[in-house]
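Reviewing the structure listed below.
Naming convention: chains lettered A, B, ... in sequence-line order (proteins, then strands); numbering from 1 in each chain.
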Amino acid sequence: MSAATSRDELTTFRSDQARSMWADTMRRLLRNPQGAIAVGGLLIIAIAAIAAPVIAWHDPIAQDASARLLSPSWDHPFGTDELRRDLFSRNLHGLKTALALSFVSVLAGAVIGTVAGFTVGYVRGWADSVVMRLVDALLAFPGLLIAFAILTILGEGLENIGIAIVVFAIPGFTRLARAQMLGERNKDYVLAAQVLGASTPRIIFRHIVINALPPLLVQVALAIASGVLIVAALGYFGLGIEADTPSLGGLVNDSRPYLQRAWWYPVFPGAILAFLLLCLNLLADAINAAISPYTRRS
Amino acid sequence: MAPFIVNRVVQTIPILFLGTVAAFLVLRLIPGDPALVIAGEEATAEDLYAIREQLGLHDSWPEQYIKWLGDLLSGDLGYSFTSGLSVNRLFSINVPPTLELGIAAYAFAILVGIPLGILGGVKPRSGWDWLLSGYTMVAVGVPSFVSGIILLWIFAAELGWFPSHGRVSILDDPVDSLHHLALPVIALAMPISAVLARYTRTTITDVVGQDFVRTARAKGLGESTVIARHALRNSLIPVITIMALQVGEVLTGVVIIEAVFTRPGLGRVVVEAIQRLDYLVVQTMLVVLVVIFVTVNLLADIIYGFVDPRVRVR
């Protein structure tokens, strides 16, 4: 009986006191006002984007409003455009495209880039030199120009914009992951794992990754922000996105002839983009603070 | 210092060479036939053959590459496939406006960003620091084409204080030139200045907390000397790195801002050349980009050497 009690006590003690590294980081992130605003803002944006077809009661493409360039009203909260389309719906659908494209593509790029960076950082040698020269070459070209070039090679289409963002995202992660790996690989716990006979992939992906990963999360938030900017800029140029398909950048461009008559036309997509990018930047800062040993001390 | 600089310059040669190979190959990988673009859909096989012959597209890739590299080194950039204009001429027309915009925006971003970052970093949580956080939050979040459109709407369309498009050479009429430059420069410089301000603030705060700064204060130096001679110099290296990286942002921004403010320049040239498969123009643009990137990094390396003697011996 007494043995059982002490065992219960032990379990209680553990669940109260011990938290995983991730739960701990998450707590610090949400306790930071910046982090809380960023997470809250991104949740609102994500819900608005995912639920766009439900929330926006007008069709984004149908030209069915009662008049052109209507100012915001209950029925058309963001007004209408010069073709009698509902701008609230077009904004939300544009947001959905931008968010989905950059999120999925950056995650793909992050995985590829990180695996490559960890691997060459651990193995070193000629593979390291070759991969890092490639990375340097890719980083030399501005992201938007990479996207231009890839859209020229592959043709127009959302999936090709996605590929362009993957290509843009990879080198940043590779460089950062490699630097993290170089910092970790000579530490004692790696030597211990080697002595115990763990295989190279096991050492990299089970032991080192946990320690080397957190700074890469900051990069994920920043890369998604860059991805959103690239999608928006391509939309502005009308590259890769069909004219009918709503995009935030496209809305800003379409508004140009009507600036003096319809303030709501450029202001809403601009504000949505700004809010999204602001939240992503705040999130990057907050993650950085949550994982940094310096702020943890204070 | 001299051997250090020579060493760095020599290291750039293979990179430049690889850059020209990459620029050449990327264009050959694009599916699509420039001859067809030039001649149009109705061209006969003979027409296409003649055009390819004229452009030298029948030679093997190594032959084409060597010929192009030779021309490039002799300063002859060749002729645009689609417009027939000489590329030298295309560049001499379009480089100055882009250069004006790029340099003005970069200088403006540095003049706003770095002092703001220093003021915020030296006294965290002061009024300057709050101004800095507010400014960077807005400036980082708003894409340059959005701020461009909004500036255009308020200051050109509504108030009529600034022209909404076009460009005047700074050599012809400096005042009118700056008048045309003001809005594009602000739109382009805002996000860049915000990034610079943020990094400067972070590095300055780190440095100001270190022991040698306390020592400098303890031996009775004035606050401005402490900041300018001791703190600033030690926080310059990361700031220079970010400044070099931001040149890439200027290059991207120029393409966007030229479109927003309908300014002539390389941005429009490159977008049109890509759409029309104008090999030679795109190839040359890519080489120009590589040269700019390599030069900027070289300069950054050399400046590191000046700022921090330890870099020279490495």
Side-chain angles (χ1 to χ4, degrees), chain A residues 34 133-134 136-155 222 225-226 228-230 232-233 235-239 248-249 251-253 255-256 258-263 265-267 269-282 284-285 288 294, chain B residues 14-15 18-19 22 26-27 29-32 133 136-150 152-154 156-158 164 191 194 198 202 206 209 245 247-256 259-260 262 270-271 273-275 277 282 285-286 289-290 292-294 296-297:
Chain A
Q34 281 194 353
R133 286 302 80 72
L134 262 174
D136 285 344
L138 270 177
L139 284 173
F141 296 106
L144 188 62
L145 292 181
I146 295 181
F148 278 179
I150 288 179
L151 285 175
T152 318
I153 298 176
L154 299 178
L222 292 176
S226 303
V228 168
L229 265 175
I230 291 177
Y236 183 83
F237 281 103
L239 282 170
L248 294 173
L251 288 170
V252 175
N253 189 34
S255 75
R256 293 197 55 174
Y258 314 103
L259 288 179
Q260 281 174 286
R261 288 169 58 196
W263 60 266
Y265 204 161
V267 164
I272 292 175
L273 271 174
F275 183 60
L276 174 55
L277 293 170
L278 174 67
C279 286
L280 285 167
N281 279 299
L282 284 178
D285 282 355
N288 203 10
Y294 297 104
Chain B
I15 303 177
L18 278 179
V26 164
L27 268 287
L29 295 177
I30 297 179
S133 331
T136 52
M137 271 209 281
V138 175
V140 164
V142 182
S144 59
F145 65 89
V146 172
S147 51
I149 287 281
I150 291 185
L152 205 58
W153 163 39
I154 297 177
E158 292 290 341
S164 64
R198 244 171 41 167
T202 315
D206 284 352
L245 279 176
V247 172
E249 296 301 312
V250 175
L251 294 175
T252 318
V254 157
V255 178
I256 297 174
V260 172
T262 6
V270 77
V271 173
I274 288 180
Q275 284 165 346
L277 286 182
V282 181
M285 279 298 304
L286 289 177
L289 273 178
V290 173
I292 293 178
F293 181 78
V294 168
V296 165
N297 278 293

**Report entry** Nearest non-hydrogen partners of B/W153 and A/L259, listed with the distance
**Finding:**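 Of all heavy-atom pairs spanning B/W153 and A/L259, the closest is NE1-O, 3.3 Å.
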
Query raised in the report: How close do B/G141 and A/L277 get, heavy atom to heavy atom, and via which atoms?
Result: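 The answer is O-CD1, 3.0 Å.
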
Report task. Applying side chain to side chain contact (heavy atoms under 4.5 Å, CB included) between B/V146 and each of A/L248, A/L273, A/I272, report the one that passes. Result ->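 Going through the options one by one, the only one that passes is A/L273.
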
Using a 4.5 Å cut-off on heavy atoms from C-beta on, say whether the side chain of [Y] contacts that of [X].
X: B/V140; Y: A/L278; result: no
X: B/M137; Y: A/N281; result: no
X: B/V260; Y: A/Y236; result: yes
X: B/R198; Y: A/D285; result: yes

Can you tell me which portion of [X] sits under 4.5 Å from chain A's heavy atoms? Options are side chain, backbone, both or neither.
X: B/V138; result: neither
X: B/L18; result: neither
X: B/L289; result: side chain

Need one label for [X]: side chain, backbone, both or neither, based on atoms under 4.5 Å from any heavy atom in chain B.
X: A/L239; result: side chain
X: A/L282; result: side chain
X: A/V228; result: neither
X: A/F237; result: side chain

Requested in this report: Tell me, with the steps shown, if A/L144 and B/E249 meet side-chain contact (heavy atoms from CB on, under 4.5 Å).
Outcome: CA-CA 9 Å; A/L144 188 62; B/E249 296 301 312; over 6 Å; no

Max heavy-atom pair count under 4.5 Å with chain A, selected residue of [options]:
options: B/V142, B/T136, B/I149; result: B/I149
options: B/V271, B/L286, B/T252; result: B/T252
options: B/S144, B/S147, B/P143; result: B/P143

Report task. Any chance you could measure A/R256, atom CZ, to B/T262, atom OG1, to the nearest 0.5 Å? Result ->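 If I round to the nearest 0.5 Å, the distance is 5.0 Å.
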
